[in-house]
2 protein chains.
Amino acid sequence: MYLETILVLSHKNAQVRSIDIVDALNFKKSSVSVAMKKLRENGYIEMDGEGYITLTKKGRGIAETMLERHTLISDWLIYLGVDKTIAVEDACRIEHVISPESFEAMKKHVEEAKQ
Amino acid sequence: MYLETILVLSHKNAQVRSIDIVDALNFKKSSVSVAMKKLRENGYIEMDGEGYITLTKKGRGIAETMLERHTLISDWLIYLGVDKTIAVEDACRIEHVISPESFEAMKKHVEEAKQ
DNA sequence: ACTATTAGTTAGGCAAGCCTAACTAATAGT
DNA sequence: ACTATTAGTTAGGCTTGCCTAACTAATAGT
């Protein structure tokens with residue numbers, strides 16, 4: 001969730017700080033601060049002296065996986081007629097629980113169905 | 001999760017006790033005991049003197065919703081070529097996070113696609 | 001200079017949902 | 001009768017992931 005948000009923010013913002021994540025996710029500063037600490041400790045992100053956040057290779061990989069899942073699942077739900085807001089919320093939750101196998105199968109299916 | 005398990009067990013077992021749920025879910029007795037207490041307190045199940053469990057109307061409704069979701073999602077993933085074990089595990093998690101809107105859209109799509 | 005705002009931190013709380021450990025109570029085996 | 005097994009309970013622990021509260025430190029407004 002956090003990694004994906006950082007990736008998305010880095011696309012449109014040039015630089016990403018904790019406060020941007022706070023605004024994006026509507027969480028509290030303290031929650032984000034603690035989460036960033038953990039991501040730092042586990043080597044998913046790096047933070048420079050001014051608090052600017054960059055994804056490590058490891059973190060970027062996960063972020064990209066999540067973003068791909070999110071995009072495909074929400075697009076697909078929207079394509080099926082689901083309201084966009086709901087589709088995005090559902091994709092957000094499904095992307096975290098679906099296995100790589102199921103996602104790949106779904107991806108293949110969606111790509112075929114859309115043609 | 002628990003309600004759905006109770007419904008499935010009641011189909012094949014005539015009577016359902018906590019221990020049956022322990023075996024079905026591979027949880028510990030204490031976890032199931034605590035969970036049953038909460039379900040009882042919130043009016044989802046009833047337990048008689050011998051510990052036999054029945055779903056209330058409220059509990060049955062939720063159990064049936066979950067089971068329908070579970071069945072449709074896992075069947076669909078299997079249909080897409082996902083290994084059955086993985087499909088069932090994924091369905092288990094997705095059924096709890098998908099909205100009614102998305103599920104209905106998906107159901108419609110799956111029914112059409114299968115013909 | 002003084003104050004307000006902004007960014008970030010730590011500490012402690014709380015709920016969910018699992019666990020182990022220690023217990024009661026009833027039934028079954030010999 | 002005594003013991004082992006089976007079913008169930010309570011208490012307390014742990015992790016995740018959010019929260020509020022109280023704090024530091026730096027920047028901006030007048």
Side-chain angles (χ1 to χ4, degrees), chain A residues 1-10 12-55 59 62-63 66 70 88-98, chain B residues 1-6 8-10 12-55 58-59 62-63 66 70 88-98:
Chain A
M1 189 73 260
Y2 284 109
L3 293 174
E4 187 190 338
T5 303
I6 293 167
L7 182 61
V8 171
L9 288 173
S10 74
K12 50 181 176 191
N13 281 2
Q15 275 169 328
V16 182
R17 284 170 313 164
S18 289
I19 193 70
D20 303 318
I21 300 166
V22 167
D23 295 337
L25 295 177
N26 276 307
F27 288 163
K28 297 299 166 185
K29 280 189 301 176
S30 53
S31 305
V32 173
S33 176
V34 171
M36 291 309 110
K37 193 180 174 186
K38 275 185 194 162
L39 291 176
R40 224 184 304 134
E41 286 167 358
N42 293 306
Y44 295 110
I45 63 168
E46 275 166 6
M47 274 171 95
D48 70 14
E50 290 105 289
Y52 290 108
I53 297 165
T54 45
L55 293 165
I62 293 172
M66 287 301 163
H70 182 94
V88 167
E89 284 169 7
D90 280 13
C92 237
R93 292 188 300 265
I94 294 172
E95 74 192 47
H96 295 295
V97 302
I98 197 170
Chain B
M1 189 72 260
Y2 283 110
L3 293 173
E4 189 191 337
T5 304
I6 293 167
V8 171
L9 287 173
S10 75
K12 50 180 173 190
N13 280 0
Q15 276 169 327
V16 182
R17 283 171 313 166
S18 289
I19 194 69
D20 303 318
I21 300 167
V22 168
D23 294 336
L25 296 177
N26 275 309
F27 288 164
K28 297 298 166 184
K29 280 188 302 174
S30 53
S31 305
V32 173
S33 176
V34 171
M36 291 307 110
K37 193 179 174 185
K38 276 185 193 162
L39 290 176
R40 223 185 305 136
E41 285 167 359
N42 293 306
Y44 295 109
I45 62 167
E46 276 167 4
M47 274 173 94
D48 69 15
E50 289 104 288
Y52 290 107
I53 298 164
T54 46
L55 293 164
K58 185 178 162 189
I62 293 171
M66 288 299 162
H70 182 94
V88 166
E89 283 169 8
D90 280 12
C92 235
R93 291 189 301 264
I94 294 171
E95 73 190 49
H96 296 294
V97 301
I98 197 170

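Chain letters run A, B, ... following the sequence lines, proteins first, then strands; residues in each count from 1.
At whole-Å resolution of the value, NZ in A:K29 and C1' in C:dA11 are 15 Å apart. Rounding to whole angstrom units, CE of residue B:M47 and P of D:dG8 are separated by 6 Å. Spacing between atom CZ of B:R93 and atom P of C:dC18 amounts to 14 Å, rounded to whole angstrom units. If you measure from atom CD1 of B:I19 to atom P of D:dT9, you get 11 Å, rounded to the nearest angstrom. Between A:K28 atom NZ and C:dC14 atom C1' the separation is 16 Å, expressed in whole Å. Rounded to whole angstrom, the span from the CD1 atom of A:I21 across to the P atom of D:dG17 amounts to 15 Å. Put simply, CZ on A:R17 is 16 Å from C1' on C:dT9, counting in whole angstrom units. The nearest whole Å value for the distance from the CG atom in B:L25 to the C1' atom in C:dC19 is 15 Å.
Here the closest non-hydrogen pair linking B:S18 and B:I53 is N-CD1, 3.7 Å. Considering every non-hydrogen atom in both A:L3 and A:G59, the closest pair reads CD1-O, 4.0 Å. A:C92 and A:E95 get closest at one heavy-atom pair: O-CG, 3.3 Å.
Nearest nucleotide to the B:Y2 side chain, out of D:dC18, D:dG8, C:dC18: C:dC18. Of all nucleotides listed (C:dC19, D:dG8, D:dC19), D:dC19 comes nearest to the side chain of A:F27.
Within 6.0 Å of atom NZ in A:K28, 12 or fewer heavy atoms from other residues, nucleotides or ligands are found, so the atom counts as exposed in its surroundings.
If you check D:dC14 for Watson-Crick or wobble pairing at under 3.5 angstrom, you find it paired to C:dG17. Using N1 to N3 plus N6-O4 or O6-N4 for Watson-Crick, or N1-O2 and O6-N3 for G-U wobble, each under 3.5 Å, C:dG29 pairs with D:dC2. The base-pairing partner of C:dA11, taking Watson-Crick or G-U wobble contacts with both distances under 3.5 Å, is D:dT20.
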task = Check the pair A:R93, B:H96 against side-chain contact (heavy atoms from CB on, under 4.5 Å), reporting the backbone distance first and the verdict last.
result = CA-CA 9 Å; A:R93 292 188 300 265; B:H96 296 294; over 6 Å; no
task = Just do the side-chain contact (heavy atoms from CB on, under 4.5 Å) check on A:E4 and A:I62 with the steps written out, would you?
result = CA-CA 8 Å; A:E4 187 190 338; A:I62 293 172; over 6 Å; no
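In this structure, the side chains of B:Y52 and B:R17 come closer than 4.5 Å at one or more pairs of heavy atoms.
The stretch residues 30-40 of chain A touches DNA chain D through A:S30, A:S31, each having a heavy atom under 4.0 angstrom from the strand.
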